[in-house]
Structures are given as C-alpha cells and as structure tokens.
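The next block holds one structure in the form of structure tokens; read it before the comments.
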Amino acid sequence: SSSCSGSSCFHAKQKRYFGKFPLPKLRGHIQSLMPLVHRVAFNDNFEQVKTASGLLNAHVGVVVLAAIAALCQLVIYIVTRGPMNEYNEAVGDRSGNLWVGSLGQFASIVASVGLPIVAYFFARKGLAENSGSLLQGICLIDGSCTYCAFLSSIVAIQAMIVWSHRSSQVDDVMCGRAGWTSSDGEFHQHEDYTQAKCESTKKAMADLRSPALAMYAILMIIDLFLACTCAYGTFQANSAHRTVKQGKCFVGAPPVPVMIAAHGQPNPAVVIGQPVVGTPVKANP
C-alpha cells in the first residue's frame, strides 16, 4: 500500500470511513452524534441544548401537573357533589349548589389537559424548525398559563373559604319534625321534607368538611407549582426566541448569507448583501 502523510492521508482515511455509509445512513450517523432532547437532535451547543431542554421539560411538567390538577378537581366533584345535592334537596335549599353540570366539568378537564399537550408539540416543532414565530407564540401561551394557574390557586382558596362558611351554616341547622331552622333562626318547610333525611344529610356534610378542605388545599398547592412551572417555561421560551432572532439555530446549520461582488470595477470587494467598490491605494515611493 502507498504511504501518505499530512492532510492528504487524513482526507483519504476520512473518505474510506464515510464511504462505507450511503447518504441516508450517513445523515443518520451524524445525527446520532448530536445531543438528543425529546427525540430531537440538537446542535452541539451547551447553552442552546440547555435552553431547549429547559423549555421542553417545563412543558412536560405542565402536562403532568395539569393532569394531576384535573384529577384532583374530578375527585372533588365526585366526592362532594352527591352529599351537597342531597342536603339541598333535603332542606329545599338550592342556593348552596355551586357545581356546574357533568358536561361542563368534563369539558374543563379535557381542556386543562389537552391544551398543554398541544403546546408541548408546538414548542418542540418551533425548536426543531428554528421558528421564531412559533417560539414567540409559545412564550405568550406560557405567560397565559402562569396567569391562569395562579388564578386557579386563588379560586381554590376561595372555595375553601366558601366551603368552611357553608359547613358552619349546616352545623347550625336544627332539624325538626315539621321543618328545619336555619342558622339565622328562620323556620323553613317544604313538601318533601323529613327529619330523618335532614339529619342524615347534615351528618354527611359534616363528615365531608375535612376531606373537602384537604383536597382544595392540595389543589391550591398543585396550582402554585403549575404557575411556577409555566413561568419557567415562559423564561425558556423567551430565551429560545431571542436565540433564533440572533440568527442561531437549534437544529441544522444557519442559512448562508448571499455573497455579492462588484464586477468590472477596479479592486472589487466582496461583501454581504451589497457591492462595494474598493479604492485604489498608491504607495509613496
């Protein structure tokens, strides 16, 4: 075999190595050497990989926390709806029924879980395609998520206050034979009233007070974690959008600028975007 040295030997070895791979397999081999984040091969840049990983991980966290919050809301709805409605029917009071219908509750749960999943795939698409518009949209969505999650935590606190007030009113109810007396001392009657049903539903409401307050407290904590995760995602989405606007790419090489030269002029200079004619310089003897 003939000997080689220097750069010619290196290029010969490189040609023999990469010549083993067909073009599609070669591309796959090169991509396998890049950092994989959520099944996307990003460029080998630590800061960009850190930003992309932070953004996608934040969205995964939002999906998980939103699913847990939706499950908690569903448990609260199932556990408290029955005793609450039975008590209202027993005393003929409809003012304490704060629940939406089953269809509305189901739609709320689907939306609270489905929208974060859609946002995750759009965030992944924006990073893979280096799309500044998609990343800017994700930044706005994550900001809205922060606001809504924080608002949900306030609603959970309000629900705890309302439930405590309602439970104290139920504790003060006096179930009589002909009717029931409310906490303000007013006597009430209705056709379907029975003392046994009034007392049983009153006891069920009293037993449900502590579990309901505990579940609302858990929901409030989850919503606060969700708000923090959305805020972190907003920061990462803003960083990713700023990176793309600077002409950098998360995936692939940045676009090559067009090089234009001025022909037919003395000493033409090659510049990016516009021709510039160089000025001859004469040396002094």
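Everything numeric here is computed off the predicted structure, so don't read it as measured data. In what follows, residues are counted from 1 in the order of the sequence shown.
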*Let me see the working for Tyr232 and Gln236 under side-chain hydrogen bond (donor to acceptor under 3.5 Å, both in side chains), right down to the final yes or no.*
CA-CA 6 Å; Tyr232 178 72; Gln236 295 296 338; 3.2 Å; yes
*asked:* Are Tyr120 and Val60 packed together at the side-chain level, in the sense that at least one heavy-atom pair is separated by less than 4.5 angstrom?
replied: yes
*Is a donor on one side and an acceptor on the other found under 3.5 Å between the side chain of Ser167 and the backbone of Arg209?*
no
*Tell me, with the steps shown, if Asn57 and His38 meet side-chain contact (heavy atoms from CB on, under 4.5 Å).*
CA-CA 9 Å; Asn57 289 338; His38 293 256; 2.8 Å; yes
*For atom CD of Glu199, decide whether the heavy atoms of other residues, nucleotides or ligands shown that lie under 6.0 angstrom number more than 12.*
yes
*Side-chain touch Leu55/Asp142, heavy atoms, less than 4.5 angstrom*: yes
*Determine the minimum heavy-atom distance between Val244 and Phe250, stating which atoms define it.*
CG2-CE1, 3.7 Å
*Would you give the length of the straight line joining atom CD of Gln73 to atom OG of Ser108, rounded to the nearest 0.5 angstrom?*
5.5 Å
*Please round to the nearest 0.5 Å and tell me the distance separating atom CG of Leu74 and atom OG of Ser112.*
10.0 Å
*Does a salt bridge link Lys202 with Asp171, judged by any charged N lying under 4.0 Å from a carboxylate O?*
no
*So, Thr146 side chain and Ala231 main chain: donor-acceptor pair closer than 3.5 Å or not?*
yes
*With the 4.5 Å side-chain cut-off for hydrophobic clustering, are Ile221 and Ile157 part of the same group?*
yes
*According to a 4.5 Å side-chain heavy-atom criterion applied to Ile, Leu, Val, Met, Phe, Trp and Tyr, with indirect links allowed, do Ile154 and Tyr147 form part of one hydrophobic cluster?*
no
_Shared hydrophobic cluster, Ile109 / Ile78 (ILVMFWY, side-chain heavy atoms < 4.5 Å)_ = yes
*Enter the distance from Ser239:OG to Glu47:CD here, rounded to the nearest 0.5 Å.*
9.5 Å
*asked:* Ignoring hydrogens, what is the shortest heavy-atom contact between Cys249 and Asn43? Give both atom names and the distance.
replied: O-ND2, 2.9 Å
*Is any side-chain heavy atom of Val173 less than 4.5 Å from a side-chain heavy atom of Thr181?*
no
*Look at the side chain of Asp223 and the backbone N and O of Ala69, then say whether any donor-acceptor pair between them is shorter than 3.5 Å.*
no
*Of all the heavy-atom pairs spanning Leu127 and Ala240, show the shortest one and how long it is.*
CD2-CB, 4.0 Å
*How about Gln169 and His165: do any of their side-chain heavy atoms sit closer than 4.5 Å?*
yes
*Are Leu219 and Met160 co-members of a hydrophobic cluster defined by side-chain heavy atoms under 4.5 Å apart?*
yes
*asked:* Classify the ring geometry of Tyr216 against Trp163: parallel below 30°, tilted from 30° to 60°, perpendicular beyond 60°.
replied: tilted
_Val40 with Val118, same ILVMFWY side-chain cluster at under 4.5 Å_ = yes
*asked:* How close do Thr201 and Cys198 get, counting heavy atoms only, and between which atoms?
replied: OG1-O, 3.0 Å
_Straight-line distance of Phe225 CZ to Cys230 SG, nearest 0.5 Å_ = 13.5 Å
*Do you know the tightest heavy-atom contact between Val62 and Pro116?*
CG1-CB, 3.8 Å
*asked:* Quick check: do Met220 and Ser153 have side-chain heavy atoms less than 4.5 Å from each other?
replied: yes
*Hey, does Ile138 have a side-chain heavy atom less than 4.5 Å from the side chain of His59?*
yes
_Does any part of the side chain of Leu135, heavy atoms only, come nearer than 4.5 Å to the side chain of Thr243, both counted from C-beta?_
no
*How far does CG of Leu71 sit from CD1 of Ile76, to the nearest 0.5 angstrom?*
10.0 Å
*Might you point out which heavy atoms bring Ala58 and Gly233 nearest each other, and give the distance in Å?*
CB-CA, 3.8 Å
_To the nearest 0.5 Å, what is the distance between CG on Leu140 and CG on Asn238?_
10.0 Å
*Are any non-hydrogen side-chain atoms of Ser164 and Leu213 less than 4.5 angstrom apart?*
yes
